[in-house]
*Asks:* 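I have a structure here, written as structure tokens, and I will follow up with some questions on it.
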Amino acid sequence: MNREKPQLSFWQVWNVSFGFLGVQFGFALQNANVSRILSDLGADLHSLSLFWLVAPIMGLIVQPIVGSASDRTWNRVGRRKPYILAGAIAAALGMVLMPNAGMFVAFIAPMLFGAMILAVMDASFNVSFQPFRSLVSDMVPAKQRNLGYSIQSFLINIGAVIGSILPFVLTNVVGLENTAEAGQVAPSVTWAFYIGATVLLGTVLWTVFRTKEYAPEEYYAYRGEDHNEVAKQQAKEQQTSMFAKLSAFFALMKTMPTTMKQLAVVQFFSWFALFIMWVYSMPAITQYIWGVDAKWFDPHYIESVGQIPAAIQAAKGAAGDWVGIIFAAYSLFAAIFSVVLSKLADKFGRKLVYSLSLFVGALGYFGFMAFDNPQPVLVDLYITSVEVPKAAVNLFIPMIGVGISWAAILAMPYAILAGSLPASKTGVYMGIFNFTIAAPQIVSGLFSGWILSSVFNNEAIYIIMLAGVSMLIASASVFLVKDEENVA
């Protein structure tokens, strides 16, 4: 019979996920600035989504491997913590190298170098992501599971707020330049990545030193399993051939819990939409709100005219900074909503709260097109004042919906899923569940660029509307999910 895990104090639950703040800090910097960096290094709009494919492909490969390995790892550092720490160190190194692609031009094309470092960063982030998810499942009892994943969602979004806004702060408060010549990266972005690498390592070390994972005997006792029997089974699995391991892995996919299969449908449409937003928000608002013609995102056209006009450079720089602001806004709204998310889920049910959250997220995407007023206004952001088009300020309204949906996406699927997973396979199933995040992004990456160029004539605002439709479908799909509970 299962023994329930002991209740944790608020700060114990906090420490379990605190390192995720730093990991998301770095990931947010990447999300808000990689399209900008790659565009400066020479990528066109059609190919942007193809470069972004690196992230879900790395997740698809790395997370199941790390999940399976961490299920079998018990050493002096812990079970999940060795992977969290290793991923953080590698990601920090990638963050230092990424904005310096132009320095390696004598050895390799800057855009190719940037793509390679993007792959390293994404692989490293994914090494940390999956164990953090499993660490909450390992450490937090069932009664605190909503709280555990809500706190993780809160910390993720606080990290995302700071990471997203940092280049803007470095430009408008510190005074660093936010524009870049072709083949180079703006100084404000470069220093933001340096700071992000430092924060990433610092917060992960906090979790590593402040969280003590359960010993295997104690952990399996809470799950009603015998540690020795599990160890024997895992040792037997280790001795099997690679073919047998692959067969067992695909067998796990076939026999995954029904809840996971049902959540996969929701995940597909929600992450399809998120991928589009991350890739195309920058060109969408640069074109639609700042009035920059789509031709200025075409490297062939830019090469034909020889030089980007200063006004176009300034508009692209300002719009790029503003993307960081609105990404910070939706992350801030998500962090605020995370505070009440677990209480709402406890009172009204996870499925209803999850579905309604995705619905308002869809409305948020549609809201991108609702504002096109180019009149300049002076905005007081407390830390500085900046003049931007009025439509850019109005984007804070749809970001409320996007933030609510993002908070739910970060917490609700895992809270629902955790109750249906076997103890000895939690890590590997969490890794397999990442397929439901990676696959829709891969599909989006393969087709969204083609849709943008062939259907929407490179007018990026319309691809954001497609994201809204996808999020609506995700909202409706939640009602197909069966929410189960266990007591571990």
Side-chain angles (χ1 to χ4, degrees), residues 25 28-29 31-33 35-37 39-40 157-180 186-192 195-196 277-278 280-293 296 309-337 360-361 363-407 460-461 464:
F25 188 113
L29 274 171
N31 280 353
N33 294 284
S35 286
R36 178 181 182 177
I37 291 172
S39 181
D40 287 337
N157 285 294
I158 289 297
V161 168
I162 302 170
S164 297
I165 201 174
L166 187 56
F168 176 89
V169 172
L170 292 178
T171 296
N172 293 280
V173 178
V174 178
L176 296 182
E177 183 61 50
N178 71 341
T179 61
S188 60
V189 177
T190 299
W191 278 99
I195 294 169
M277 181 187 71
W278 291 330
Y280 291 116
S281 286
M282 191 277 286
I285 74 166
T286 304
Q287 295 171 6
Y288 191 70
I289 293 179
W290 263 264
V292 174
D293 195 279
W296 293 110
I312 299 296
Q313 280 189 325
K316 291 177 76 173
D321 283 347
W322 199 254
V323 169
I325 293 294
I326 64 171
F327 276 23
Y330 89 70
S331 296
L332 178 61
F333 294 134
I336 294 170
F337 186 64
V360 297
L363 297 182
Y365 286 122
F366 295 140
F368 268 69
M369 203 170 182
F371 307 107
D372 61 354
N373 189 337
Q375 179 182 352
V377 294
L378 188 65
V379 182
D380 183 2
L381 295 173
Y382 298 105
I383 55 175
T384 187
S385 296
V386 60
E387 188 174 82
V388 296
K390 184 173 178 58
V393 181
N394 291 337
L395 283 178
F396 286 120
I397 298 172
M399 287 302 105
I400 296 172
V402 174
I404 289 172
S405 66
W406 178 234
I461 191 66
I464 301 295

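FYI, the numbering just counts along the sequence from 1. All values derive from a computational prediction rather than experimental measurement.
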*Asks:* Would you name the heavy atoms of P389 and I289 that are closest together and state the gap between them?
*Replies:*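 Smallest interatomic distance, heavy atoms only, reads CB-CG2, 3.7 Å.
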*Asks:* Can you list every pair that meets side chain to side chain donor-acceptor pair (under 3.5 Å) and has a residue in residues 389-405, with sequence neighbours left out?
*Replies:*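 Side chain to side chain donor-acceptor pair (under 3.5 Å) check on residues 389-405 returns no pairs.
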*Asks:* Roughly how far, to the nearest 0.5 Å, is CD1 of I400 from CG of L363?
*Replies:*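 So the CG of L363 and the CD1 of I400 are separated by 12.0 Å.
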*Asks:* Could you pull out the closest heavy-atom pair between L170 and A192, with the gap in Å?
*Replies:*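 It is CD1-N, 3.4 Å.
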*Asks:* Once side chain to side chain contact (heavy atoms under 4.5 Å, CB included) is applied, do any residues pair with A460, and if so which ones, sequence neighbours excluded?
*Replies:*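 Side chain to side chain contact (heavy atoms under 4.5 Å, CB included) check on A460 returns P283, A284, Q287, L452.
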*Asks:* Do you know the tightest heavy-atom contact between G364 and P398?
*Replies:*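 That would be O-CB, 3.0 Å.
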*Asks:* Shortest non-hydrogen contact from F368 to L395?
*Replies:*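 Here F368 and L395 meet closest at CA-CD2, 4.0 Å.
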*Asks:* Side chains of I158 and F25: closer than 4.5 Å at any heavy-atom pair?
*Replies:*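 No, every pair of side-chain atoms sits at 4.5 Å or beyond.
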*Asks:* Do any side-chain atoms of residues 315-337 form donor-acceptor pairs under 3.5 angstrom with protein atoms, and if so which ones, sequence neighbours left out?
*Replies:*
| unit_1 | atom_1 | unit_2 | atom_2 | d |
| --- | --- | --- | --- | --- |
| K316 | NZ | W296 | O | 3.0 |
| D321 | OD1 | R36 | NH1 | 3.0 |
| D321 | OD1 | R36 | NH2 | 3.3 |
| D321 | OD2 | N178 | ND2 | 2.7 |
| W322 | NE1 | A392 | O | 2.9 |
| Y330 | OH | W278 | NE1 | 3.0 |
| S331 | OG | F327 | O | 3.0 |

*Asks:* Under the rule for ring pair (Phe, Tyr, Trp, His ring centres under 6.0 Å), what residues qualify as partners of F366, not counting sequence neighbours?
*Replies:*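 Per chain and number, F366 pairs via ring pair (Phe, Tyr, Trp, His ring centres under 6.0 Å) with no residue.
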*Asks:* Can you tell me which residue pairs pass the salt bridge (charged side-chain N to carboxylate O under 4.0 Å, His left out) test with a partner in residues 157-172, sequence neighbours excluded?
*Replies:*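 Matches after skipping sequence neighbours: none remain.
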*Asks:* For S281, check side-chain hydrogen bond (donor to acceptor under 3.5 Å, both in side chains) against everything at least two apart and list the hits.
*Replies:*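 Once residues adjacent in sequence are excluded, S281 has no partner under the side-chain hydrogen bond (donor to acceptor under 3.5 Å, both in side chains) criterion.
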*Asks:* Determine whether I464 and Y288 satisfy the following criterion, side-chain contact (heavy atoms from CB on, under 4.5 Å), listing intermediate values before the conclusion.
*Replies:* CA-CA 11 Å; I464 301 295; Y288 191 70; over 6 Å; no
*Asks:* What's the spacing between I461 CD1 and T286 OG1 if we round to 0.5 Å?
*Replies:*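 OG1 of T286 is found 10.5 Å from CD1 of I461.
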*Asks:* By side-chain hydrogen bond (donor to acceptor under 3.5 Å, both in side chains), which residues pair with T171, not counting sequence neighbours?
*Replies:*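 In terms of side-chain hydrogen bond (donor to acceptor under 3.5 Å, both in side chains), with neighbours along the sequence ignored, T171 is linked to S188.
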*Asks:* What are the two closest non-hydrogen atoms of Y365 and V402, and how far apart are they?
*Replies:*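 Where Y365 meets V402 most closely, the heavy atoms are N-CG2, 4.3 Å.
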